[in-house]
Amino acid sequence: MAKIIFPEDFIWGAATSSYQIEGAFNEDGKGESIWDRFSHTPGKIENGDTGDIACDHYHLYREDIELMKEIGIRSYRFSTSWPRILPEGKGRVNQKGLDFYKRLVDNLLKANIRPMITLYHWDLPQALQDKGGWTNRDTAKYFAEYARLMFEEFNGLVDLWVTHNEPWVVAFEGHAFGNHAPGTKDFKTALQVAHHLLLSHGMAVDIFREEDLPGEIGITLNLTPAYPAGDSEKDVKAASLLDDYINAWFLSPVFKGSYPEELHHIYEQNLGAFTTQPGDMDIISRDIDFLGINYYSRMVVRHKPGDNLFNAEVVKMEDRPSTEMGWEIYPQGLYDILVRVNKEYTDKPLYITENGAAFDDKLTEEGKIHDEKRINYLGDHFKQAYKALKDGVPLRGYYVWSLMDNFEWAYGYSKRFGLIYVDYENGNRRFLKDSALWYREVIEKGQVEAN
């Protein structure tokens, strides 16, 4: 059987985020986050779940690093909790919060696991939300100050930095549809939030350059390729607009210094202009060292007049396999998005900062989890990543989502994405799934079976 062999220096990793795994929501001086507030609001989260305890990683991080070592993970992407470090979002530093991440990084480095820090994975300090959150331009300035603190504290320890995780989700799920914290439902507000998120990203990049820090800085975007449902001009147009809405609205400002023209015009005509200032686009498009791409599925789009601003709807592919999230399994979309980003937007290095799947994992009496579907899912996506690499895409690494089962936002604990099974009912015990053992072999050999 032929084998697909990755470069020796390819980075095999796994990813998590602070609110989803840490717990300790009110310990050691941590401030309240918008997700603390949102998850405690009745009716917002499935089963009334909260992240109060989550996977208790705050107390069990040493055990988790041992499991990472057992799997052979070379790099760990995690996010720092802004309100754990700056309880009011600015000003006073909570030393105990900072010390937690110092211990985490120190233990990772001792285990020869390279840390990649994401500065913002959605848990804004509630104190800043009370002042308008991301609708307030000052929040971008406070984020930059938080970034400066982190750069200074971890200088020489961390050399891979992500400013934001999935600003589309923060803006639209959190502010247009209300499914995520803070739960606002206003599309124009979401556009303002998106602009301030991107602005804060550029400000943080400026500080990284000013400090002349060793290492690399980038941003992580959730990218979902859009394919027309049919050959008609209207379907093609509808797919193009949805592509602008999810992908280009963030790729284009970061790499080209402008928003997609046609969609920008549609927004202005229908919603009025969101507020910008001269020079904003120059800041947003500051040179970055890499782009992180989170890929899970694709969109198949058809024209549907009057349904929304885009006259488009996403077609559910009923005849295709899907994950527990209801997302179609479409590995080729990963190849397509990698090639396209490299061709149309940047020749900078790319990292797949998230890719993975939720399945209905069961713990056997012997403490095993036979998650063959996840192994197949990851294997098929690794092959598409390799194909892109062979076709000249500068892909440097792959972070599986997620290291462990965790709090899956509005779904609570009902969806399991982890390589590690977390037994929430019995003291958060951890068990390596079959996929973790399989991944260990992939990392060890640097190869995947090509069948």
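The shown structure was predicted, so the numbers you read here are calculated from the model rather than taken from an experiment.
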So, [X] and [Y]: side-chain donor and acceptor under 3.5 Å apart, yes or no?
X      : Y      : answer
Ser18  : Ser79  : yes
Thr189 : Gln192 : no
Glu233 : His303 : no
Trp134 : Tyr120 : yes
Asn294 : Thr220 : no
Asp280 : Thr276 : no
Tyr335 : Asp391 : yes
Asn355 : Tyr399 : no
Thr139 : Asn136 : no
Tyr61  : Glu22  : no
Gln126 : Asp130 : yes
Asp52  : Thr50  : yes
Ser402 : Thr16  : no
Asn222 : Asn165 : no

Under 3.5 Å, is there a donor-acceptor pair between the side chain of [X] and the main chain of [Y]?
X      : Y      : result
Ser252 : Ser258 : yes
Arg320 : Ile329 : yes
Ser75  : Arg114 : yes

I'd like to know whether the aromatic ring centres of [X] and [Y] sit less than 6.0 Å apart in this structure.
X      : Y      : answer
Tyr330 : Tyr227 : yes
Tyr398 : Tyr351 : no
Phe6   : Trp12  : yes
His201 : Phe250 : no
Trp161 : Phe151 : yes
Tyr411 : Trp409 : no

Taking [X] first and then [Y], would you say they form a salt bridge - that is, a charged N and a carboxylate O separated by under 4.0 Å?
X      : Y      : value
Asp138 : Lys131 : no
Glu27  : Lys96  : no
Asp36  : Lys30  : yes
Arg209 : Asp289 : yes
Glu408 : Lys415 : no
Lys141 : Glu145 : no
Arg286 : Asp206 : yes

Count the heavy atoms belonging to other residues, nucleotides or ligands that lie under 6.0 Å from NZ of Lys348, then report whether that count exceeds 12.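 Yes, the 6.0 Å shell around NZ holds more than 12 heavy atoms from other groups.
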With a 6.0 Å cut-off (strictly less than), is the heavy-atom count around CD1 of Ile65, excluding the residue itself, greater than 12?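 Yes, CD1 of Ile65 has more than 12 neighbouring heavy atoms, counting only those of other groups under 6.0 Å.
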Please work out whether the ring planes of [X] and [Y] are parallel, tilted or perpendicular, with thresholds of 30° and 60°.
X      : Y      : answer
Trp327 : Phe417 : tilted
Phe78  : Tyr101 : parallel
Phe172 : Phe187 : tilted
His121 : Trp401 : parallel

Might you work through the side-chain contact (heavy atoms from CB on, under 4.5 Å) test for Leu221 and Leu291, ending with a clear yes or no? CA-CA 8 Å; Leu221 303 177; Leu291 175 69; 4.0 Å; yes
As a quick check of understanding, evaluate side-chain contact (heavy atoms from CB on, under 4.5 Å) for Thr346 and Asn342, giving each step before the final call. CA-CA 5 Å; Thr346 183; Asn342 176 238; over 6 Å; no
Should the pair Lys90 and Tyr142 be classed as cation-pi, given the thresholds of under 6.0 Å to the six-membered ring centre and 45° from the axis? yes
Give a yes/no verdict on a cation-pi contact between Lys102 and Phe154, requiring under 6.0 Å between NZ or CZ and the six-membered ring centre and an angle within 45° of the axis. yes
Which pair of heavy atoms, one from Gly356 and one from Tyr377, lies closest together, and at what distance? O-OH, 3.1 Å
Taking Asp361 as the fixed residue, which of Arg416, Arg374, Lys373 is the one that meets the salt bridge (charged side-chain N to carboxylate O under 4.0 Å, His left out) rule? Arg374
Determine, step by step, whether Thr118 and Ile219 satisfy the side-chain contact (heavy atoms from CB on, under 4.5 Å) criterion, reporting the C-alpha distance in whole Å, the side-chain angles of both residues, the deciding distance to 0.1 Å, and the verdict. CA-CA 9 Å; Thr118 301; Ile219 189 171; over 6 Å; no
Assess whether side-chain contact (heavy atoms from CB on, under 4.5 Å) is satisfied between Leu403 and Met68, documenting all intermediate values. CA-CA 8 Å; Leu403 175 67; Met68 289 183 222; 3.7 Å; yes
Distance-only donor-acceptor pairs under 3.5 Å for side chains of residues 259-275, two or more places apart:
unit_1, atom_1, unit_2, atom_2, d
Tyr259, OH, His195, ND1, 2.8
Glu262, OE2, Lys237, NZ, 2.9
Asn270, ND2, Ile266, O, 2.8

